[in-house]
Amino acid sequence: MGLLKTILIILLVYYGFKVLSRLFAPLLVRFVAKKAEEKFGGQFGGFQNSSQQRQQQKQKEGETVIDKMPNQNKGSNPKVGEYIDYEEID
């Protein structure tokens, strides 16, 4: 009688776990996806915070905005070499 009772308890726990996992699996997946989205958004800067959204709303449509100015110290090198004429030899 004890063996039958133990098998019944094991089956009850197994099927109970199976039913509960079907109920809570979508919630768990949603939670994990949200955490991954926050992590990747922080790394790549793909998501905007509320202050950036407010600044974007203030801009007029078609307006050009420069977020970062290029470095001004870039210039051409005056000593790039000399030009040599050449002829093809057959």
Original post:
Should side-chain heavy atoms under 4.5 Å link Ile, Leu, Val, Met, Phe, Trp and Tyr, which residues sit in the same cluster as Leu12?
Top reply: none
Subject >> For Tyr15, the rest of its hydrophobic cluster, which grows through side-chain links under 4.5 angstrom >> reply: Leu3, Ile7, Leu11, Tyr14
Name all residues meeting the side-chain contact (heavy atoms from CB on, under 4.5 Å) criterion together with [X]; count only those two or more places apart in sequence or in a different chain, and write none if there are none.
{"X": "Leu8", "value": "none"}
{"X": "Phe31", "value": "Lys35"}
{"X": "Leu4", "value": "none"}

Show me the donor-acceptor pairs, under 3.5 Å and distance only, between side chains in residues 20-28 and residues at least two apart or in other chains.
residue: Ser21; atom: OG; partner: Phe17; partner atom: O; Å: 3.2
residue: Ser21; atom: OG; partner: Lys18; partner atom: O; Å: 2.8

